[in-house]
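Every chain is numbered from 1, with letters handed out A, B, ... down the list of sequences.
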Number of protein chains: 2
Amino acid sequence: MSPLADDLGFLLSRASGLVVRATNESLAEIGLRVRPYSVLVLACDHEGGISQRDLAAALGLDPSQVVALVDELAGRGLVRRAPSPDDRRTKLVAATARGRELRERAAQLAGAGGRRQLGRLTAAEQATLRDLLARVVADPA
Amino acid sequence: MSPLADDLGFLLSRASGLVVRATNESLAEIGLRVRPYSVLVLACDHEGGISQRDLAAALGLDPSQVVALVDELAGRGLVRRAPSPDDRRTKLVAATARGRELRERAAQLAGAGGRRQLGRLTAAEQATLRDLLARVVADPA
DNA sequence: TATTGTTATACTCTATAACTATA
DNA sequence: TATAGTTATAGAGTATAACAATA
């Protein structure tokens with residue numbers, strides 16, 4: 001008999017929706033949205049490139065969803081697909097110089113967008129929230 | 001090592017996605033999903049009915065999205081639309097007896113679904129999470 | 001046989017614009 | 001003029017199934 005405003009699942013999806021929307025609005029200035037941005041971040045942070053399978057796992061997406069995201073970034077010259085030297089099935093997605101350059105600006109914009117909602121919490125509270133959510137999200141393996 | 005794993009916005013949308021999916025899977029047994037379920041809850045908790053405009057505000061949706069949700073529940077005889085005595089533009093959405101009956105089972109199922117992810121936190125931690133999210137979500141007015 | 005990337009498809013969600021009937 | 005509900009539409013997100021190349 002708990003009212004909706006106390007429902008953790010509802011609060012979670014509401015908070016997520018607001019933060020994603022605010023972040024998308026900030027990223028619009030450089031023609032990015034949250035999903036492609038997160039792909040760019042992962043590509044930048046893996047020097048030798050990251051396979052689409054690993055990309056999908058890191059983002060919690062199905063590999064089939066990753067294709068269009070990489071296509072979009074590759075079409076803009078922000079990442080490129082390179083065949084893996086170890087396994088010819090695998091394509092390694094790596095950031096280009098332009099991609100790395102844009103990533104810095106993107107990170108600033110994304111941060112500013114998120115703060116429109118999350119700035120209501122102190123730094124300590126944000127850290128608490130981060131720890132709690134990390135445990136909710138963690139793979140129980 | 002993943003930098004995204006420290007991003008609060010990413011964690012939020014990931015956690016929300018997992019909880020919503022688990023809840024939808026649980027609710028599938030009675031042919032409901034999270035959104036229609038939340039409408040049913042609000043209809044049940046407002047004895048005299050709630051206007052679609054207030055429903056939209058409470059759920060953070062556009063009024064146009066509420067129409068199909070109410071249609072679906074009304075089509076199953078779980079809620080009904082009644083004209084407001086005060087304003088003939090307004091329709092009050094109220095739960096039927098069948099709606100109230102199903103709501104109890106639905107709440108059990110939704111709770112069980114959410115616990116598949118949120119049960120990793122103690123009750124105290126869940127309360128902390130609830131308070132933090134409530135502040136992120138709150139209207140700053 | 002199993003896995004990586006891919007295509008295809010369908011359904012849900014989100015976001016707007018515009019219309020109607022009331023106020 | 002403004003508001004409540006509605007219709008319509010388009011784009012983004014989610015979920016599966018199946019296929020080709022490779023392991």
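- Remark: the backbone N or O of A:L121 is not paired with any side-chain donor or acceptor of B:R135 at under 3.5 angstrom.
- Both A:K91 and A:R21 lie close to DNA chain C; mapped to their nearest nucleotides by heavy-atom distance, the more 5′-ward contact belongs to A:K91.
- Residue A:Q65 has its side chain nearest to D:dA15 when only D:dA23, C:dT6, D:dA15 are considered.
- Between the CG atom of B:N24 and the P atom of D:dA15 there is a distance of 8 Å, rounded to whole Å.
- Ion pairing between a basic and an acidic side chain is recognised when a charged N comes within 4.0 Å of a carboxylate O; A:E125 and A:R120 show no such pairing.
- Taking every heavy atom of residues 29-37 of chain A and every atom of DNA chain D, pairs under 4.0 Å involve A:R33, A:R35, by number.
- Shown for residues 9-19 of chain A: no residue has heavy atoms falling under 4.0 angstrom of DNA chain D.
- Rounded to an integer number of Å, the gap from CD of B:E25 to P of C:dT12 is 15 Å.
- Of all the residues in residues 48-61 of chain B, B:S51, B:Q52, B:R53 reach under 4.0 Å from DNA chain D with at least one non-hydrogen atom.
- When the P atom of D:dT6 is taken as reference, atom CD of B:E72 falls 15 Å away, rounded to whole Å.
- By the 4.5 Å heavy-atom criterion applied to side chains, B:L4 and A:L59 are counted as neighbours.
- Separation of atoms OG1 (A:T122) and CG (A:L129) is listed at 10.5 Å; rounding is to 0.5 Å.
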Please list each protein N or O that sits under 3.5 Å from an N or O in nucleotides 19-21 of chain C, with the distance.
none

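- Contact check for B:R35 versus B:L61: side-chain heavy atoms found under the 4.5 Å cut-off.
- Judged by distance alone, the side chain of B:Q126 and the main-chain N or O of B:L118 form a donor-acceptor pair under 3.5 Å.
- The list of side chain to side chain donor-acceptor pair (under 3.5 Å) pairs with a residue in residues 13-24 of chain B, not counting sequence neighbours, is empty.
- Not a single donor-acceptor pair, N or O on each side, falls under 3.5 Å between the base of C:dT22 and the side chain of B:T90.
- Taking the side chain as every heavy atom from C-beta outward, B:L109 and B:I30 approach each other to under 4.5 Å.
- Rounded to the nearest 0.5 angstrom, B:D6 CG and B:L11 CG are separated by 7.5 Å.
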Could you give me the CA-CA distance, side-chain angles and deciding distance for B:R53 and B:T90, then say whether side chain to side chain contact (heavy atoms under 4.5 Å, CB included) is met?
CA-CA 8 Å; B:R53 179 185 168 282; B:T90 302; over 6 Å; no
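- For the pair A:L32 and A:L102, the minimum side-chain heavy-atom distance is below 4.5 Å.
- The side chain to side chain contact (heavy atoms under 4.5 Å, CB included) test applied to B:A56 returns B:P63, B:V66, not counting sequence neighbours.
- Along DNA chain C, the nucleotide nearest B:R88 and the nucleotide nearest B:D62 are compared for position; the residue whose nucleotide lies closer to the 5' end is B:D62.
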Going through the distances and angles, do B:R33 and B:L27 end up as a side chain to side chain contact (heavy atoms under 4.5 Å, CB included)? CA-CA 6 Å; B:R33 294 174 65 83; B:L27 287 173; 5.8 Å; no
